[in-house]
K.L.:
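Shown below is the structure under consideration.
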Amino acid sequence: MTFHPKIHPKLVEGYQGINTAGLNSGAIILLSLSIAFVFNDISTTRTRAKLAVLQEADALRTLGRASLNLDPAIGSQIMVAAREYTEILLKKEWPALANRHSTEIRSGQASALQPLTILSDLVYAPEHLATLPNATSMQLSSLVTKIREQRLNRIDASEFTIGVRGRVLGVITLFASLVILSLANLTRKPIQLLSNFMLLLVTTSAMYIIFMTQNPFSGLDSVSDLPLRDALDRLNNMKLTRQQ
């Protein structure tokens, strides 16, 4: 859509009396609010995903340390299950999260649920509960529950999209920028054209970044898997220390 002075003379005459500075300022404020609204949802989801990864990694490290103080018949099995869960998580689940393939995780094609189930069975086994102190049993149960909860939080975060509301705001934002740029073509003032073109460029770039960063596990500022890799290294070292 482009307005030309020769084709729209009446529109040009009416536009001459408009305070363009105020029009542009108001448009910039509205566009900024729309973009900030969408970015806030993305930032909140990323923070929630990052917190889930940190808490899950911390629970795995704590579970590994706790297993060292248990009877070897129980502690060694918990250590093996925790290490296997973390390995499969990094090998299968994490790439699926980055590619937004959460259905593969939920269906079991790229899931670490099996070793996590084994870990839960070990902790909640009646014969193990009978031999462990109540405080120790409660601690192990709490850690396994936290791992399960944060795993689900990771999967939910990977499914985040800006939705229909965000897409509508994006379309309105781009449309408004195009209208402002087209109206600037009526007066043919170079500075006004340049400023409105920059507004359109910034708006388009912002919307591109929004679409690229919807998934917190991929994109320009993705959540790192380093906490989980560090947890796996700690678990492996704990096992080696126990064998010595």
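Throughout, numbering of the chain's residues begins at 1 and tracks the sequence. Note: hydrogens, waters and symmetry copies are ignored here, and every other heavy atom, side chains too, is used.
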K.L.:
So, Arg154 and Glu56, do they make that salt bridge, N to O below 4.0 Å?
P.N.:
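Yes, this pair counts.
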
K.L.:
Who are the salt bridge (Lys or Arg N to Asp or Glu O under 4.0 Å) partners of Glu159, not counting sequence neighbours?
P.N.:
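Per chain and number, Glu159 pairs via salt bridge (Lys or Arg N to Asp or Glu O under 4.0 Å) with Arg106.
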
K.L.:
Say you draw a straight line from CG of Asn236 to CE of Met79; how long is it, rounded to the nearest 0.5 Å?
P.N.:
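If we round to the nearest 0.5 Å, Asn236:CG and Met79:CE are 9.0 Å apart.
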
K.L.:
Heavy atoms only: give me the nearest Ala231-Leu60 pair and the separation to one decimal.
P.N.:
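The pair with the smallest heavy-atom distance is CB-CB, 4.4 Å.
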
K.L.:
How close do Leu119 and Ala82 get, counting heavy atoms only, and between which atoms?
P.N.:
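Residues Leu119 and Ala82, closest heavy atoms: CD1-N, 4.2 Å.
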
K.L.:
Output all residues satisfying salt bridge (Lys or Arg N to Asp or Glu O under 4.0 Å) with Arg229, sequence neighbours left out; order by chain, then residue number.
P.N.:
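Counting only residues at least two positions away or on another chain, Arg229 forms a salt bridge (Lys or Arg N to Asp or Glu O under 4.0 Å) with Asp225.
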
K.L.:
Return the set of residues passing side chain to side chain contact (heavy atoms under 4.5 Å, CB included) with Lys91 (not counting sequence neighbours), or none when no residue passes.
P.N.:
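Partners of Lys91 under the side chain to side chain contact (heavy atoms under 4.5 Å, CB included) test: none.
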
K.L.:
When you measure from the side chain of Ser142 to the backbone of Gln139, do you find a donor-acceptor pair of N or O atoms at a distance under 3.5 Å?
P.N.:
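Absent.
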
K.L.:
Listed by chain and number, what are the side-chain hydrogen bond (donor to acceptor under 3.5 Å, both in side chains) partners of Ser120, not counting sequence neighbours?
P.N.:
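In terms of side-chain hydrogen bond (donor to acceptor under 3.5 Å, both in side chains), with neighbours along the sequence ignored, Ser120 is linked to Arg148.
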
K.L.:
How would you list, by chain and number, every residue that makes a ring pair (Phe, Tyr, Trp, His ring centres under 6.0 Å) with Phe217, sequence neighbours excluded?
P.N.:
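If we apply the ring pair (Phe, Tyr, Trp, His ring centres under 6.0 Å) test to Phe217, skipping adjacent residues, the hits are Trp94.
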
K.L.:
How close do Ala81 and Ile118 get, heavy atom to heavy atom, and via which atoms?
P.N.:
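In this case the closest contact between Ala81 and Ile118 is CB-CG2, 4.3 Å.
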
K.L.:
To the nearest 0.5 Å, what is the distance between CG (Leu116) and OG1 (Thr86)?
P.N.:
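So the CG of Leu116 and the OG1 of Thr86 are separated by 9.5 Å.
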
K.L.:
Please report the closest heavy-atom contact between Pro115 and Ile88, naming both atoms and the distance.
P.N.:
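Answer, listing the atom of Pro115 first, then Ile88: CG-CD1, 3.8 Å.
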
K.L.:
Using salt bridge (Lys or Arg N to Asp or Glu O under 4.0 Å) as the criterion, list what pairs up with Arg151, not counting sequence neighbours.
P.N.:
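With sequence neighbours excluded, Arg151 shows a salt bridge (Lys or Arg N to Asp or Glu O under 4.0 Å) to Glu93, given in chain and number order.
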
K.L.:
Using a 6.0 Å cut-off, check whether atom CG of Asn40 has over 12 heavy atoms from anything other than its own residue.
P.N.:
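Yes.
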
K.L.:
Between Asn99 and Pro95, is there a donor-acceptor pair closer than 3.5 Å when you use the side chain of the first and the backbone of the second?
P.N.:
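Side chain of Asn99 to backbone of Pro95: a pair is present.
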
K.L.:
Show me the pairs that pass ring-ring contact (aromatic ring centres under 6.0 Å, His included) and involve residues 58-88, at least two apart or across chains.
P.N.:
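As it turns out, there is no ring-ring contact (aromatic ring centres under 6.0 Å, His included) pair with a partner in residues 58-88 once direct neighbours are skipped.
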
K.L.:
Tell me, please, which residues at least two apart from Gln150 pass side-chain hydrogen bond (donor to acceptor under 3.5 Å, both in side chains).
P.N.:
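With sequence neighbours excluded, Gln150 shows a side-chain hydrogen bond (donor to acceptor under 3.5 Å, both in side chains) to Gln55, Asn153, given in chain and number order.
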
K.L.:
Show your working on side chain to side chain contact (heavy atoms under 4.5 Å, CB included) between Gln114 and Thr117 and close with a plain yes or no.
P.N.:
CA-CA 5 Å; Gln114 182 177 359; Thr117 302; 5.7 Å; no

K.L.:
Roughly how far apart are Lys50 NZ and Ser224 OG, rounded to 0.5 Å?
P.N.:
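Going from the NZ atom of Lys50 to the OG atom of Ser224 covers 9.0 Å.
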
K.L.:
Of all the heavy-atom pairs spanning Leu122 and Ile78, show the shortest one and how long it is.
P.N.:
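Result for this residue pair: CD1-N, 3.8 Å.
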
K.L.:
Output every pair passing salt bridge (Lys or Arg N to Asp or Glu O under 4.0 Å) with a member in residues 111-129, not counting sequence neighbours, ordered by first then second residue.
P.N.:
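Output for this query is empty, none listed.
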
K.L.:
Quick check: closest heavy atoms across Pro227 and Leu54, and the distance to 0.1 Å?
P.N.:
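Heavy atoms only, the tightest pair is CG-CD2, 3.6 Å.
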
K.L.:
Drop me the distance from Ile42's CD1 to Thr47's OG1, to the nearest 0.5 angstrom.
P.N.:
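If we round to the nearest 0.5 Å, Ile42:CD1 and Thr47:OG1 are 11.5 Å apart.
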
K.L.:
Please list all pairs meeting ring-ring contact (aromatic ring centres under 6.0 Å, His included) that have one or both residues in residues 119-159, counting only residues at least two apart or in different chains.
P.N.:
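Sorted pair list comes back empty.
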
K.L.:
Enter the distance from Leu143:CG to Leu63:CG here, rounded to the nearest 0.5 Å.
P.N.:
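Result: 5.5 Å between the selected atoms.
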
K.L.:
Taking salt bridge (Lys or Arg N to Asp or Glu O under 4.0 Å) as the test, write out the residues that go with Asp58, two or more places apart.
P.N.:
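Only Arg61 meet the salt bridge (Lys or Arg N to Asp or Glu O under 4.0 Å) criterion with Asp58.
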
K.L.:
To the nearest 0.5 angstrom, please state how far the CG atom of Asn69 sits from the OG1 atom of Thr136.
P.N.:
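So the CG of Asn69 and the OG1 of Thr136 are separated by 8.5 Å.
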
K.L.:
Go through the structure and list residues passing side chain to side chain contact (heavy atoms under 4.5 Å, CB included) with Ser137, not counting sequence neighbours.
P.N.:
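Checked Ser137 against side chain to side chain contact (heavy atoms under 4.5 Å, CB included); matches are Leu129, Leu132.
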
K.L.:
Main chain of Ser141, side chain of Thr145: is a donor-acceptor contact present, judged purely on distance under 3.5 Å?
P.N.:
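It does hold such a pair.
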
